[in-house]
Participant: 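Let me give you the structure first, and then I'll get to my questions.
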Amino acid sequence: MPPYTGLLEMPKPLATAQPNGLDFFAAPIRAALAASLDVDESLLQLERPRQEALGQFALPCFRFAKAAGKNPAELAANWAEAFSVEHITATAAGPFLNFSIDEDRLAAVVLESALREDFATGNEDCTTVVEFSSPNIAKPMHVGHMRTTVIGAALARFYTRLGHHVIKINHIGDWGSQFGKLVAAWQRWGSNEELEKAPIAHLLALYVRYHEAEKQDESLPAEAKKAFQELESGDDNQTRATWKKFTELSLREFEQVYARFGIEFDFVRGESWYEDKLTDILTWLDSSGVLKEDAGAQIIDLTAEGIKTPCLVKTAHGTTLYATRDIAAAKSRWEEFKFDQMLYVVGAEQTLHFQQFKAALKLCGAEWQEKMEHIPFGLIRMAEGKLSTRAGRVISLSEVLDRAVELAREAVDKKNPELATKAEVAEMVGVGAVVFHDLKHQRQKDVVFDWKEVLSFEGDTGPYLQYTHARCCSILRKAERSEPVLEEIDPKLLRGGKDLFVAVGRLPQALREAAQKREPNTVAQALLKIAAAGNSYYRENRVLGLDDDALTDARLAVIDMLRRTMKLGMDLLGVPAPEEM
RNA sequence: GCGCCCGUAGCUCAGCUGGAUAGAGCAUCGGACUUCUAAUCCGACGGUCGAGGGUUCGAAUCCUUCCGGGCGCGCCA
């Protein structure tokens, strides 16, 4: 495993985060406008101009013009005339009022704030529970699990950075009638030897075999049902011991994947963890008067909440269901953590399920259900159709990572044959490519899994970000100069980097937006812009080998800012940041 | 049938709590390595934002209908 410790090094937010980056300028602009125009500051939503050349902030004047019965262009012109804030120029462009920050001032402020520990932090003091990843035991994690894992982990880091107390929960699928099937299959065809060798592969084979045999052999479903009932009985029987062994072996395999992603959970709790709470939950539901019997099963009617499909909490043969366990888990977590929000990073195909069990909780008078939010994401599909474990149409997650690392290794061999740490770097580049590919898209959209796309290392990709970071590290390594004193840098020497300063300066805003929308791609896109501006910058502005020490120091500071910002952004996303590649 | 999501350049996608000539990457074509990593940079080509209607000073963005694709709809999870 590579020495990937980036996430652990991430600076903790300070208690009093100050506005930094471009936020530093937004407040005075709004204050000045509000004061001179006598309008409420909340009405002054500063936008981003169409083109960067127009300025860093924009205010469309239409609605003010309408309210005042004036021509918007005239209004903008008047306001531009009256606007006076040091270092900021207001220009009317038709009906728009654009604000441009003096290049030197912008550079100095962004440089200073991006080098501070509290850059892009927050002090939102609240408790956020994030449930994500949640694979099923006895099945390999496939590319479908990648999205919940990678998106959930990124969101958790965002909230941590913004000051939340974050609780990461891996809700392992280790309970349900499917394990009755698995145990039944194990009793018939299981091999201890195979299990030791490759636990999940063997269990998967048993599962697939079960589903094939089930078509011919009618006694099989009964065996499976009996096995699950034995599991739920709570007795320490052979079935339970078998199931426990499956769980442990599976978790051990999952841990390897999480280690590669650099992910740790606060709680790895299977559905079975809530098992002893299920009886109480059913009693609670019953006492709330929401339970109804229907064809032998216990259901909660949700038509009052506008949901036609009822929520099933107990089957006709007495076993609990997914919804029962999710209700139990939610209630248990509420009592344990008193969260301000609980996010479920689960595929969009389960939208109805979440609506159902939230509605069920609401009917029971559990007000706190409003704090629960399903964060859906689009499906990953193969060109041939939906991924299916049963049909064998899956690509395991480790296979994807291995393939990516293999290709990364070829690239490293070719591009940097002298590198001493090729294997480690290849691991980071491969994993980074896969992770970033997932995070750069809007999470709601379905994605068709395309090897060529995922394994691309050029253009808007993870390795592009990594390359930018590595280049900075390389320049700083070769500089052989003591760290410049920030206060001594003449802002004039920072000229030529405005695009970069603007891009970096927008990161705090991007992080806040990403957290609010629960959308990692906002940070991913912002980081791509920073990398692009950075690559142009050091292409145009040579740092080393200059005659001018002051200029070298100034540019070194810029490179250091770029390096740190890239590292911060990549840490937030979970993209490893090698120092050489 | 009902419900949810998606439809932007040849391909993959940004942009979506309405705002100014719709942006990237890939692919194609052209240019840049005697100097800090060419996994890069600079440029060209490329779009009736699925279609119609509506709201609005202004719509890729909001509403609505239709078309196309995906997902879901009680004893699986």
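Every value quoted in this text rests on a predicted model; they were computed, and no experiment measured them. Just so it is clear: chains get the letters A, B, ... in the order the sequence lines come, proteins before strands, and each one is counted from 1.
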Participant: Does any donor-acceptor pair link the side chain of A:Arg539 with the base of B:U40 at a separation under 3.5 Å?
Facilitator: yes

Participant: Using the C1' atom on both, measure B:G70 against B:G50 and round to a whole Å.
Facilitator: 15 Å

Participant: With a non-hydrogen cut-off below 4.0 angstrom, is A:Asp450 in contact with a base, only sugar-phosphate, or nothing?
Facilitator: nothing

Participant: Which glycosidic conformation, syn or anti, is assigned to B:G15 if syn requires a torsion within 90° of zero?
Facilitator: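 Anti, since the glycosidic angle lies more than 90° from 0.
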
Participant: So what does A:Arg477 hit on the nucleic acid, given a heavy-atom distance under 4.0 Å: a base, only sugar-phosphate, or nothing?
Facilitator: nothing

Participant: Would you mind classifying the nucleic acid contact of A:Gln51 as base, sugar-phosphate or nothing, using non-hydrogen atoms under 4.0 angstrom?
Facilitator: base

Participant: Looking at the side chain of A:Arg50, which of B:A39, B:C36, B:A20 is the nearest nucleotide?
Facilitator: B:A20

Participant: Could you check which of B:G15, B:C75, B:C13 has an atom nearest any side-chain atom of A:His317?
Facilitator: B:C75

Participant: Take atom C1' in B:G31 and the same atom in B:C49, then report the distance between them in whole Å.
Facilitator: 32 Å

Participant: So what does A:Ala65 touch, heavy atoms closer than 4.0 Å: a base, only the sugar-phosphate, or nothing?
Facilitator: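 No contact at all - A:Ala65 keeps every heavy atom at 4.0 Å or more from the nucleic acid.
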
Participant: Among the candidates B:C16, B:G19, B:U37, find the nucleotide nearest to the side-chain atoms of A:Glu47.
Facilitator: B:G19

Participant: Say we look at B:G7 and B:A60: how far apart would their P atoms be, to the nearest angstrom?
Facilitator: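 Here B:G7 and B:A60 have their P atoms 15 Å from each other.
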
Participant: Would you indicate, yes or no, if B:A77 has its OP1 or OP2 atom less than 4.0 angstrom from a side-chain nitrogen or oxygen of A:Ser177?
Facilitator: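 For B:A77, OP1 or OP2 has a side-chain N or O of A:Ser177 closer than 4.0 Å.
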
Participant: Name the nucleic acid region contacted by A:Ala348, choosing base, sugar-phosphate or nothing; use a 4.0 angstrom heavy-atom cut-off, strictly under.
Facilitator: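 No contact.
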
Participant: Report yes if the ring of A:Phe62 lies under 5.5 Å from the six-membered base ring of B:G58 with planes under 30°, and no otherwise.
Facilitator: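 No, aromatic ring not over the base.
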
Participant: I'd like to check the side-chain hydrogen bond (donor to acceptor under 3.5 Å, both in side chains) partners of A:Glu52; sequence neighbours left out, ordered by chain and number.
Facilitator: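 Per chain and number, A:Glu52 pairs via side-chain hydrogen bond (donor to acceptor under 3.5 Å, both in side chains) with A:Arg506.
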
Participant: When the C1' atoms of B:U55 and B:U61 are considered, how many whole Å apart are they?
Facilitator: 14 Å

Participant: Under 4.0 Å, counting only non-hydrogen atoms across every strand here, what does A:Asp174 touch: a base, just sugar-phosphate, or nothing?
Facilitator: nothing

Participant: Using the C1' atom as the reference point in each nucleotide, state the distance between B:G47 and B:G10 in Å, no decimals.
Facilitator: 11 Å

Participant: So which nucleotide from B:C75, B:A20, B:A39 ends up closest to the side chain of A:Tyr467?
Facilitator: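 Closest of the options to the side chain of A:Tyr467: B:A39.
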
Participant: Using the C1' atom in both, what is the distance from B:G52 to B:A9, to the nearest Å?
Facilitator: 23 Å

Participant: With under 30° as parallel and over 60° as perpendicular, where do the rings of A:Tyr344 and A:Phe354 fit, or are they tilted in between?
Facilitator: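 A:Tyr344 and A:Phe354: tilted rings.
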
Participant: Taking CG from A:Leu500 and C1' from B:C41, how many angstroms apart are they, rounded to a whole number?
Facilitator: 15 Å

Participant: Return the 5'-most residue of the pair A:Gln355, A:Lys517 with respect to RNA chain B, ranking by each residue's nearest nucleotide.
Facilitator: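 It is A:Gln355 whose nearest nucleotide is closer to the 5' end.
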
Participant: Could you please name the option among B:U37, B:U40, B:C4 that lies closest to any side-chain atom of A:Asn416?
Facilitator: B:U37

Participant: For B:C29 versus B:G46, give the span between their P atoms, rounded off to a whole number of Å.
Facilitator: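 Per the computed distance, 16 Å lies between those P atoms.
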
Participant: What's A:Asp301 touching, base or sugar-phosphate or nothing? Going by heavy atoms closer than 4.0 Å.
Facilitator: nothing

Participant: Need the pair for B:G7. Rule: Watson-Crick or G-U wobble, both distances under 3.5 Å, any strand; none if unpaired.
Facilitator: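 With both distances under 3.5 Å, B:G7 matches B:C67.
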
Participant: What is the ring orientation for A:His353 with A:Phe357, classed by angle as parallel under 30°, tilted 30 to 60°, or perpendicular over 60°?
Facilitator: tilted

Participant: Taking only the side-chain heavy atoms of A:Gln442 (C-beta and beyond), determine which of B:U35, B:C75, B:A14 contains the nearest atom.
Facilitator: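 For the A:Gln442 side chain, the nearest candidate turns out to be B:A14.
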
Participant: Among B:G19, B:C41, B:A39, which nucleotide sits nearest the side chain of A:Pro60?
Facilitator: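 The listed nucleotide nearest to A:Pro60's side chain is B:G19.
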
Participant: Evaluate whether atom NZ of A:Lys422 has more than 12 neighbouring non-hydrogen atoms of other residues, nucleotides or ligands under 6.0 angstrom away.
Facilitator: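 Above 12, so yes.
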
Participant: Kindly point out which of B:U12, B:C75, B:G74 is positioned nearest to the side chain of A:Glu453?
Facilitator: B:U12

Participant: Could you label the plane-to-plane angle of the A:Trp243 and A:Trp175 rings as parallel, tilted or perpendicular, counting under 30° as parallel and over 60° as perpendicular?
Facilitator: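 Perpendicular, since the angle between the ring planes exceeds 60°.
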
Participant: Would you mind pulling out the nucleotide paired to B:A44, Watson-Crick or G-U wobble, both distances under 3.5 Å?
Facilitator: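 Its partner is B:U28.
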
Participant: Take the angle between the ring planes of A:Tyr207 and A:His211 and call it parallel below 30°, perpendicular above 60°, tilted in between.
Facilitator: perpendicular

Participant: Is it the case that the ring center of A:Phe62 lies less than 6.0 angstrom away from the ring center of A:Phe96?
Facilitator: yes

Participant: Would you mind classifying the nucleic acid contact of A:Lys415 as base, sugar-phosphate or nothing, using non-hydrogen atoms under 4.0 angstrom?
Facilitator: base

Participant: Expressed as a whole number of angstroms, how long is the span from A:His437:NE2 to B:A39:P?
Facilitator: 21 Å

Participant: Looking across every strand, which nucleic acid part, if any, lies under 4.0 Å from A:Ala470 by heavy atom: base, sugar-phosphate, or nothing?
Facilitator: base

Participant: B:C16 and B:A44: how far apart are their C1' atoms, nearest whole angstrom?
Facilitator: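 Rounded to whole Å, the distance is 30 Å.
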
Participant: Please determine, for the side chain of A:Arg542, which listed nucleotide (B:A77, B:U35, B:A20) has the closest atom?
Facilitator: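 The answer is B:U35.
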
Participant: Checking base pairs now: Watson-Crick or wobble, both atom distances under 3.5 Å. What partners B:C73?
Facilitator: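 Here B:C73 is engaged in a pair, and the nucleotide opposite it is B:G1.
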
Participant: Using atom CG of A:Leu302 as one end and atom C1' of B:G3 as the other, report the distance to the nearest whole Å.
Facilitator: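 Whole-Å distance recorded here is 14 Å.
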
Participant: B:C36, OP1 or OP2 - any side-chain N/O from A:Tyr537 closer than 4.0 Å?
Facilitator: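 Looking at the OP1 and OP2 atoms of B:C36, neither is under 4.0 Å from any side-chain N or O of A:Tyr537.
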
Participant: A:Phe96 has a side chain; which of B:G70, B:G19, B:G72 sits nearest to it?
Facilitator: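 Nearest to the side chain of A:Phe96 among the choices is B:G19.
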
Participant: Counting the atoms with a prime plus P, OP1 and OP2 as sugar-phosphate, which does A:Lys308 contact under 4.0 Å by heavy atoms, base, sugar-phosphate, or nothing?
Facilitator: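 Sugar-phosphate contact only.
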
Participant: More than 12 heavy atoms of other residues, nucleotides or ligands under 6.0 Å from NZ of A:Lys498: is that the case?
Facilitator: yes

Participant: Does A:Gly176 reach a base, just sugar-phosphate, or nothing at all? Heavy atoms under 4.0 Å.
Facilitator: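 Answer is sugar-phosphate: A:Gly176 comes under 4.0 Å of backbone atoms only.
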
Participant: Do A:Arg542 side-chain atoms and A:Arg539 backbone N/O form a donor-acceptor pair below 3.5 Å?
Facilitator: no

Participant: Mind calculating the distance between CG (A:Leu528) and C1' (B:A24) to the nearest angstrom?
Facilitator: 9 Å

Participant: Under 4.0 Å between any heavy atoms, over every strand shown, what does A:Pro49 touch: base, sugar-phosphate, or nothing? Just pick one.
Facilitator: base

Participant: Please determine whether a side-chain nitrogen or oxygen atom of A:Thr309 lies at a distance below 4.0 Å from atom OP1 or OP2 of B:G74.
Facilitator: no

Participant: Considering every strand and a 4.0 Å limit on heavy-atom distances, what is the contact class for A:Glu271: base, sugar-phosphate, or nothing?
Facilitator: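 Result for A:Glu271 = sugar-phosphate.
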
Participant: Under 4.0 Å: is that the gap between some side-chain N or O of A:Ser536 and OP1 or OP2 of B:C42?
Facilitator: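 Answer is yes, contact under 4.0 Å.
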
Participant: Who is the Watson-Crick or G-U wobble partner of B:C62, with both distances under 3.5 Å?
Facilitator: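 Here B:C62 is engaged in a pair, and the nucleotide opposite it is B:G54.
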
Participant: Phosphate oxygens OP1/OP2 of B:G15: is one of them under 4.0 Å from a side-chain N or O of A:Asn521?
Facilitator: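 Answer yes for this pair, as a side-chain N or O of A:Asn521 is under 4.0 Å from OP1 or OP2.
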
Participant: Does A:Lys529 place a side-chain N or O at less than 4.0 Å from the phosphate oxygens OP1/OP2 of B:G23?
Facilitator: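 Answer is no, no contact under 4.0 Å.
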
Participant: With respect to the phosphate group of B:G58, does any side-chain polar atom (N or O) of A:Lys66 fall under 4.0 Å of OP1 or OP2?
Facilitator: no

Participant: Below 4.0 angstrom from OP1 or OP2 of B:G18, is there any side-chain N or O of A:Arg63?
Facilitator: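 For A:Arg63, the contact criterion (side-chain N or O under 4.0 Å from OP1 or OP2 of B:G18) is not met.
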
Participant: Might you confirm whether atom CZ of A:Arg63 has over 12 heavy atoms from other residues, nucleotides or ligands at distances under 6.0 Å?
Facilitator: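 At most 12 heavy atoms, drawn from other residues, nucleotides or ligands, come within 6.0 Å of this atom.
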
Participant: Could you give the CD-to-C1' distance, from A:Gln356 to B:C75, as a whole number of Å?
Facilitator: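 Rounded to whole Å, this separation is 12 Å.
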
Participant: Can you tell me if the side-chain N/O atoms of A:Lys445 get under 4.0 Å from OP1 or OP2 in B:C6?
Facilitator: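 So the side chain of A:Lys445 is outside the cut-off, no N or O lying under 4.0 Å from OP1 or OP2 of B:C6.
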
